[in-house]
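Down below is the structure, laid out as structure tokens.
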Amino acid sequence: MYIAHMSKDGLEQSLTDHLEAVSEGCASHASKIGLFQIGRLIGLLHDMGKASVSFQSYIRYSYAHPDDSSLRGSITHSTQQ
């Protein structure tokens, strides 16, 4: 399972669940201007970089080492490389 978010208590949100939830919100907002499907697609794609090996390693490392913020902001997660 790819992880999108991990809370301080170890609760994981899967990337699939995250992208689906964001997609619903984007679709809802975009439907106001007649772009429901485009909004849905934007929501599904917005964090695809979180499926990368580097981001998955980063999120697990960050959970295991909460006091180490040295990698924060250095891992691309909004685009797939």
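Shown here are the ring pair (Phe, Tyr, Trp, His ring centres under 6.0 Å) partners of Y61, two or more places apart in sequence or in another chain: H65.
Environment of OH in Y58: crowded, with over 12 heavy atoms of neighbouring residues, nucleotides or ligands closer than 6.0 Å. For NE2 of H5, the number of neighbouring non-hydrogen atoms (other residues, nucleotides, ligands) closer than 6.0 Å is greater than 12.
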Legend entry - E12/R60 under salt bridge (Lys or Arg N to Asp or Glu O under 4.0 Å): CA gap, chis, key distance, verdict: CA-CA 10 Å; E12 298 174 354; R60 287 181 170 88; 5.5 Å; no

Inset, instruction - I would like to know whether H29 and E24 meet side chain to side chain contact (heavy atoms under 4.5 Å, CB included); could you show each step before the answer? - result: CA-CA 9 Å; H29 288 293; E24 289 177 24; over 6 Å; no

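Follow the hydrophobic side-chain contacts under 4.5 Å out from L71 and you reach I3 in the same cluster. Tracing side-chain contacts under 4.5 Å through hydrophobic residues (I, L, V, M, F, W, Y), one reaches Y2 starting from L19; they form part of the same cluster. Residues I42 and F36 are members of separate hydrophobic clusters, defined by side-chain heavy-atom contacts under 4.5 angstrom among Ile, Leu, Val, Met, Phe, Trp and Tyr. Under the 4.5 Å side-chain contact rule for hydrophobic residues, L35 and L41 do not share a cluster.
Q56 contributes no side-chain N or O that, together with a main-chain N or O of A51, makes up a donor-acceptor pair within less than 3.5 Å. In this structure, S52 contributes its side chain and F55 its backbone to a donor-acceptor pair below 3.5 Å. Between the S31 side chain and the S28 main chain, a donor and an acceptor come within less than 3.5 Å of each other.
For the residue pair L44 and S23, the shortest heavy atom distance occurs at CG-OG, 3.6 Å. Residue I59 comes nearest to M6 through the heavy atom pair CD1-N, 3.9 Å, listed as atom of the first residue, atom of the second, then distance. Closest heavy-atom contact between G39 and C26: O-CB, 3.0 Å.
Note: H46 and H18 have tilted aromatic rings, judged against thresholds of 30 and 60 degrees for the angle between ring planes.
Taking CG of D67 as the start and OG of S62 as the end, the distance is 11.5 Å to the nearest 0.5 Å.
Side-chain atoms of S14 and T16 include no donor-acceptor pair closer than 3.5 Å.
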